[in-house]
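First the structure, in the form of structure tokens, and then the observations on it.
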Amino acid sequence: MTGQQIVFILLSFVTLASALIVVVNRNLFHAALALMVSFLGVAGLYVTLDAGFLAAAQLLVYIGAISILIIFAIMMTRRLMQATEPSFNTQHVAGIVAAVATFVLLAVVVAGYWPLRADPSLPNVARVQVLPDGTPVETVLQGSVAALGRAFVSADAYVIPFELASVLLLAALVGAIVVAWPKTEDPS
Amino acid sequence: MEFIRSLFSLTLFDYLRTVWGDAPWVELVLDLIGVVTLSTFCLLIVIALIWLERKVIARVQDRLGPNRVGGRYGLLQTVADVLKLLTKESITPAGADRIAYNAAPILTVMAALLMWAVMPFAPGVIGVDLNIGIFYVLAVSSVSVVTLLLAGWGSNNKYALLGAFRAVAQLVAYEVPMILSLLVPILLARSMSTVDIINAQVVPFLFVVPLAALIFFISSLAETGRTPFDLLEAESEIVAGFHVEYGGMKFGMFFLAEFVTTLFMSGLFVTVFLGGWNIPIINGLLGAVGLAPLDLNIIAFGRLLGLMVFFIKTFLIYFVYIWIRSTLPRVRVDQILSFNWKFMVPLTLALIFVVAILDKLIPDGTNQLVRGLIHLGSNVLLALATLEVLRRYARRQRQRQTGQDAGASQAPIQETVPAH
């Protein structure tokens with residue numbers, strides 16, 4: 001077993017164990033903290049996969065923003081210091097459907113690449129594209145931040161999904177402001 | 001002899017590698033030595049930083065500052081304070097959330113120390129040169145926001161929780177202009193690696209994009225919770241803040257983290273805007289008289305020289321932090337937030353647009369000096385435009401308060417300004 005595998009197993013254990021705590025812990029605040037540890041474990045997995053940018057983004061977005069939002073939501077809505085809730089609610093059916101759907105989605109995606117095997121002829125190369133004139137372009141994994149940025153705004157790559165996601169986020173922002181805007185009396 | 005030499009030229013690790021050979025454990029041991037050395041340095045320098053801060057603030061305010069313990073300059077005052085904090089009883093209040101309460105100070109110090117991993121001290125003297133260096137710093141520093149919430153919630157004290165809410169609102173808000181203003185040097189250097197950014201600064205970015213430097217400096221003041229944004233520990237307003245229930249070294253660790261982060265921010269400012277370990281002016285003079293520029297990688301003891309240059313610059317910036325702390329009063333919480341959202345963020349967004357478009361328009365082969373001058377010009381124009389907008393806004397406000405209509409002449413309005 002290589003060192004990387006040991007680290008991978010440890011990180012997976014941390015991620016899964018803290019995810020389990022999220023589900024079964026009766027103290028909502030502690031559940032939110034365990035969720036943070038779980039996010040941290042996922043960031044660690046990204047690091048072992050040489051995806052440093054993704055790991056930092058995970059840290060910044062999920063721990064720096066989303067977790068804080070969750071904690072704020074808990075603090076604002078529950079009775080402050082008695083945040084213990086029954087750990088099981090009545091949404092069994094919806095939960096099962098969501099779990100099965102996620103599993104099927106992951107299984108389908110992973111099966112497309114099965115068996116997973118590193119191609120030794122392509123060291124550190126994510127994939128090889130062939131331009132119309134026949135020259136192959138290698139996307140290098142190491143230092144791929146610039147490549148990632150170009151892929152987001154390049155017309156041949158992901159510009160449409162990227163812009164769609166941006167518009168969706170903008171719409172959500174505007175919607176949030178409209179919902180939160182204090183209702184004023186009609187001036188007339 | 002060789003050992004002493006390598007110690008002084010900061011090539012100790014290269015020397016140890018030649019001595020120990022390339023066994024698999026060598027790199028691991030060297031990494032551990034590096035981590036321990038860097039962390040210990042960061043923690044110990046805080047003793048000096050606190051003494052410096054108290055002494056400088058005292059002199060600015062016409063006092064003497066610590067002058068009893070350790071000679072007439074009070075050199076050992078902080079050592080005594082640290083010993084006092086360390087020997088105090090470690091208390092966890094009844095009713096506190098034990099996990100959150102005890103984890104918060106530890107996590108704060110961890111986050112503050114982790115950031116130093118990408119700090120370039122001298123050529124080749126850096127924890128790890130990540131290609132996402134600046135982004136890594138921002139990601140790690142965002143963890144410190146969580147620790148504030150942990151401390152505020154875990155204390156089981158409504159004033160601590162209120163203090164934490166205010167602090168988190170401030171930190172989350174000022175993260176935005178900080179990230180955006182750091183994007184400008186990243187754009188100019190075409191890289192997020194701290195080493196690449198230093199190497200890209202033929203002219204230090206402070207003289208290329210002074211607006212970005214100013215915005216970064218202001219938002220770093222807020223991020224480290226220093227005056228005029230020190231709501232995090234506003235003793236006169238909210239009992240104390242999120243750490244009201246903490247005592248002894250648990251309390252000390254929050255301040256430890258604050259000082260470590262402030263020094264780090266000074267170092268980051270030097271790295272991103274002042275050319276890091278480089279000596280741009282001397283190199284420029286050497287180039288002007290036809291000599292080769294000083295390449296610190298090549299000359300003997302170049303690393304030591306680079307380290308000294310880095311720390312001289314860093315402490316200059318740190319002095320400015322202390323200077324501001326000793327002279328400016330605290331800003332109100334609503335003023336802090338509206339200053340950020342209504343002024344800093346729009347200005348930074350405009351700055352990014354201007355810099356990005358200009359930098360794309362400048363042809364690739366252009367002389368770095370010319371490129372810098374173009375950016376400097378655009379920055380000055382943007383600053384003037386901002387001042388004009390602010391002036392008009394202030395005039396409208398004044399008119400509204402004095403009841404003058406917009407068409408009134410300027411003379412009676414100016415009379416309403418109190419004479420100094």
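The sequence lines fix the lettering, A, B, ..., with proteins before strands; numbering per chain opens at 1. Bear in mind the structure is a predicted one, so any value in this text is a computation, not a measurement.
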Nearest 0.5 Å, please: how far is OG in A:S38 from CG in A:L16?
7.5 Å
From the list A:A55, A:A56, A:A65, the residue making the most non-hydrogen contacts under 4.5 Å with chain B is A:A56
Centres of the A:F53 and A:Y46 rings: under 6.0 Å?
no
Would you mind checking which part of A:I71 comes under 4.5 Å of any heavy atom in chain B, side chain (CB onward), backbone (N, CA, C, O), both or neither?
side chain
Does a donor on one side chain sit under 3.5 Å from an acceptor on the other, for B:S193 and B:D129?
yes
Is B:V140 in contact with chain A via its backbone, its side chain, both, or neither, using a 4.5 Å heavy-atom distance?
both
Between CG of B:L149 and CD1 of A:I70, what distance do you get to the nearest 0.5 Å?
12.0 Å
Return the option, out of B:L138, B:L150, B:L130, B:V143, with the maximum number of heavy-atom pairs under 4.5 Å with chain A.
B:L150
Only pairs of heavy atoms separated by less than 4.5 Å count here; which of B:D97, B:I99, B:L171 has the most with chain A?
B:D97
So does B:D196 pair up with B:R190, basic N to acidic O under 4.0 Å?
no
Between B:V146, B:V145, B:V172, B:V168, which has the largest tally of heavy atom pairs under 4.5 Å with chain A?
B:V146
